[in-house]
Amino acid sequence: RAADGTRVFRLATGYPVRSSACIDRDDIAYVGGEDDAVHAVEPDGRERWRVSLGADVDSSPTLLRDGLLVVGCDDGALYALGDTPRRALD
């Protein structure tokens with residue numbers, strides 16, 4: 001949408017965001033932050049949801065074919081976010 005580099009939106013989390021965004025087919029962006037959360041962001045910049053994982057989320061989320069969002073966390077765990085967030089290997 002911003003082929004000329006114009007900022008489309010800005011979501012203030014209050015903490016640094018070091019991960020890259022993962023974008024789904026509906027243009028929802030998923031990004032982790034040092035606020036200990038994963039954020040889902042609508043194309044217009046509104047936050048759709050936020051899930052707190054209890055430690056920094058510096059890694060970039062990955063969306064699997066079945067719609068499951070997987071992300072690593074600074075607590076040393078890999079989380080799978082679907083209907084309810086859980087540790088992926090529990």
Side-chain angles (χ1 to χ4, degrees):
R1 287 181 15 179
D4 63 357
T6 302
R7 179 172 45 189
V8 177
F9 67 81
R10 179 179 186 272
L11 176 70
T13 66
Y15 293 86
V17 173
R18 303 202 190 282
S19 74
S20 297
C22 171
I23 312 294
D24 73 10
R25 66 176 166 248
D26 296 321
D27 290 332
I28 305 299
Y30 303 92
V31 65
E34 290 190 1
D35 62 345
D36 301 349
V38 175
H39 304 263
V41 185
E42 299 280 352
D44 64 3
R46 288 180 297 119
E47 188 171 63
R48 176 178 253 190
W49 54 256
R50 170 183 28 206
V51 174
S52 179
L53 298 181
D56 291 353
V57 182
D58 295 325
S59 67
S60 300
T62 299
L63 192 60
L64 303 180
R65 283 183 279 214
D66 64 359
L68 198 62
L69 191 71
V70 179
V71 66
C73 186
D74 278 3
D75 67 358
L78 180 67
Y79 286 86
L81 306 178
D83 293 335
T84 54
R86 59 182 169 81
R87 285 179 179 240
L89 303 176
D90 282 351

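Sequence positions, counted from 1, serve as the residue numbers for this chain. Keep in mind it's a predicted model, so treat the numbers as computed, not measured.
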Asker: If you define the side chain from C-beta out and look only at heavy atoms, does anything of Leu53 sit under 4.5 Å from Asp75?
Answerer: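 No, too far: nothing below the 4.5 Å cut-off.
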Asker: Heavy atoms, side chains only, cut-off 4.5 Å: are Pro61 and Val70 in contact?
Answerer: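 A side-chain contact under 4.5 Å is absent here.
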Asker: Does Leu69 belong to the same Ile/Leu/Val/Met/Phe/Trp/Tyr cluster as Val31, with side-chain heavy atoms less than 4.5 Å apart forming each link?
Answerer: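 Not linked; separate clusters.
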Asker: At their closest point, which heavy atom of Trp49 faces which heavy atom of Val38, and how far apart are they?
Answerer: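 Of all heavy-atom pairs spanning Trp49 and Val38, the closest is CZ3-O, 3.7 Å.
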Asker: What residue among Thr62, Asp24, Val71 forms side-chain contact (heavy atoms from CB on, under 4.5 Å) with Tyr30?
Answerer: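 Exactly one candidate clears the test, Asp24.
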Asker: Going by the side chain to side chain donor-acceptor pair (under 3.5 Å) test, name the single residue among Arg48, Glu47, Arg50 that passes it with His39.
Answerer: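 Only one option passes, and that is Glu47.
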Asker: What is the minimum heavy-atom distance between Asp36 and Val57, and which atoms define it?
Answerer: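 Shortest heavy-atom separation between Asp36 and Val57 comes out as C-CG2, 4.1 Å.
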Asker: Test your reading of the model: is there a side-chain donor-acceptor pair from Asp56 to the backbone of Asp58, 3.5 Å cut-off?
Answerer: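 Answer holds: no.
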Asker: If Ile, Leu, Val, Met, Phe, Trp and Tyr residues are connected whenever their side-chain heavy atoms lie under 4.5 Å apart, and connections chain through other members, are Leu11 and Ile23 in the same group?
Answerer: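 Not linked; separate clusters.
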Asker: Distance-only check: which donor-acceptor pairs under 3.5 Å involve side-chain atoms of residues 13-21, not counting sequence neighbours?
Answerer:
| from | atom 1 | to | atom 2 | distance (Å) |
| --- | --- | --- | --- | --- |
| Thr13 | OG1 | Tyr15 | N | 3.2 |
| Thr13 | OG1 | Tyr15 | O | 2.7 |
| Arg18 | NE | Glu34 | OE2 | 2.5 |
| Ser19 | OG | Gly32 | N | 3.0 |
| Ser19 | OG | Gly32 | O | 3.2 |

Asker: Does Arg10 have any side-chain contact (heavy atoms from CB on, under 4.5 Å) partners at least two apart in sequence or in another chain, and if so, which?
Answerer: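 Result, side-chain contact (heavy atoms from CB on, under 4.5 Å) vs Arg10: Arg7, Ala12.
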Asker: Tell me, please, which residues at least two apart from Arg46 pass side-chain contact (heavy atoms from CB on, under 4.5 Å).
Answerer: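 Expected list: Glu42, Asp44.
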Asker: Quick check: closest heavy atoms across Ile28 and Ala40, and the distance to 0.1 Å?
Answerer: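 So the minimum-distance heavy-atom pair works out to CG2-CB, 4.1 Å.
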